[in-house]
*Asks:* 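Pasting a structure here, questions to come.
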Amino acid sequence: MRISLSLVMLGAFLAGCGKDGGSGNGRGTMVIAQSVVGGIAFPPLANDQGGRLVQDLVFDRLAEIGDDLNSVGDKGFTPRLAEKWAWAPDSMSIAFSIDPKARWHDGKPVTAADVRYTYKIFTDTVVASSTAPTLENIDSVSVRDSLTAVVWFKKRTPSEFYDVAYQLPIVPEHVYGSIPSKDLRTSDAVRKPIGSGRFRFVSWEPKVRLELIADTANYRGRPGLDRIIIAGTDL
């Protein structure tokens, strides 16, 4: 099982930041000292601790794993981009219903096609994502309608829900889909990530500083912090 260290870190330092900011009142700036500042945060290419930390703030998964890190079945997960899901009677597929309020940071809606594209790019042999081996039991992803993505599996396993809900942070096809696979790693687009998470990318000075701000219009509510700055410790 591959659980990102950033997930544990995020749970620790965001848990005390209050509930969703329905009143519109932010709670200041958090500065995180990190030896690796940023890195590529585009999920298929996020390979280091710095990149995954930013990934988990900027991009959302279909569902989020619970505090007990139970990855068996779906009971330990809570809705995120998917507001609900339904298993096929034979447990060989799961239909994920995307929250209709979910938006990318550029204002465009999150769709089932984005889920299909995400699986495609994670498993693209040219992209060579380090996550690809964990997705081998996923057979395909289809689009039932604009807000319903169906994930099909090769066989039933205890971790099949985790394999898709946690291992695939969803990325926007309209932002990255036109970039040839061979050019993704060097593209400016992956260094200025656009996600659907509760923080938006602002700027990145490699090895020095990366800045994120709260997505105040986020479909899950405003986060408890206004800003997060990741500052380098290896200067």
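Along the sequence shown, the residues carry numbers beginning at 1.
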*Asks:* Is the shortest heavy-atom distance from the side chain of D99 to the side chain of L81 under 4.5 Å?
*Replies:*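 Not touching, per the 4.5 Å side-chain cut-off.
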*Asks:* Would you list the atom pairs, donor with acceptor, under 3.5 Å between side chains in residues 142-152 and any protein atom, with sequence neighbours excluded?
*Replies:*
| from | atom 1 | to | atom 2 | distance (Å) |
| --- | --- | --- | --- | --- |
| S142 | OG | W152 | NE1 | 3.0 |
| D145 | OD1 | L147 | N | 2.9 |
| D145 | OD1 | T148 | N | 3.0 |
| D145 | OD1 | T148 | OG1 | 2.9 |
| D145 | OD2 | T148 | OG1 | 3.2 |

*Asks:* Is a salt bridge present between D56 and R61, judged by a nitrogen-to-oxygen distance below 4.0 Å?
*Replies:*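 A salt bridge links D56 with R61.
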*Asks:* Would Y219 and D60 count as a side-chain hydrogen bond (donor to acceptor under 3.5 Å, both in side chains) if you check the C-alpha gap in whole Å, the side-chain angles of each, and the deciding distance to 0.1 Å?
*Replies:* CA-CA 11 Å; Y219 70 105; D60 271 341; 2.7 Å; yes
*Asks:* List the steps, then state whether side-chain contact (heavy atoms from CB on, under 4.5 Å) holds for I98 with L62.
*Replies:* CA-CA 8 Å; I98 305 299; L62 291 169; 3.8 Å; yes
*Asks:* Could you tell me if the side chain of K101 sits less than 4.5 Å from the side chain of R103, heavy atoms only?
*Replies:*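 Counting from C-beta outward, R103 and K101 never come under 4.5 Å.
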*Asks:* Other residues, nucleotides and ligands only: do more than 12 of their heavy atoms fall within 6.0 Å of CG on D67?
*Replies:*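 Not more than 12 within 6.0 Å, no.
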*Asks:* So, for R191 and S187, which heavy atoms are closest and what is the spacing to 0.1 Å?
*Replies:*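 Smallest interatomic distance, heavy atoms only, reads NH1-O, 3.2 Å.
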*Asks:* Under 3.5 Å, side chain of R209 to main-chain N/O of W204, donor-acceptor pair present?
*Replies:*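 Looks like no, no N/O pair under 3.5 Å.
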*Asks:* Does the side-chain hydrogen bond (donor to acceptor under 3.5 Å, both in side chains) test come out yes or no for D114 and H174, once each step is laid out?
*Replies:* CA-CA 8 Å; D114 293 316; H174 72 277; 4.8 Å; no
*Asks:* Can you see which heavy atom on P172 is nearest to which on F59, and at what distance?
*Replies:*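 Where P172 meets F59 most closely, the heavy atoms are CD-CE2, 4.3 Å.
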*Asks:* Output all residues satisfying ring-ring contact (aromatic ring centres under 6.0 Å, His included) with Y176, sequence neighbours left out; order by chain, then residue number.
*Replies:*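 With sequence neighbours excluded, Y176 shows a ring-ring contact (aromatic ring centres under 6.0 Å, His included) to F42, given in chain and number order.
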*Asks:* Go through the structure and list residues passing ring-ring contact (aromatic ring centres under 6.0 Å, His included) with F161, not counting sequence neighbours.
*Replies:*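 Result, ring-ring contact (aromatic ring centres under 6.0 Å, His included) vs F161: F77, W85, F96.
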*Asks:* Does atom NZ of K84 have more than 12 heavy-atom neighbours from other groups under 6.0 Å away?
*Replies:*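 Open.
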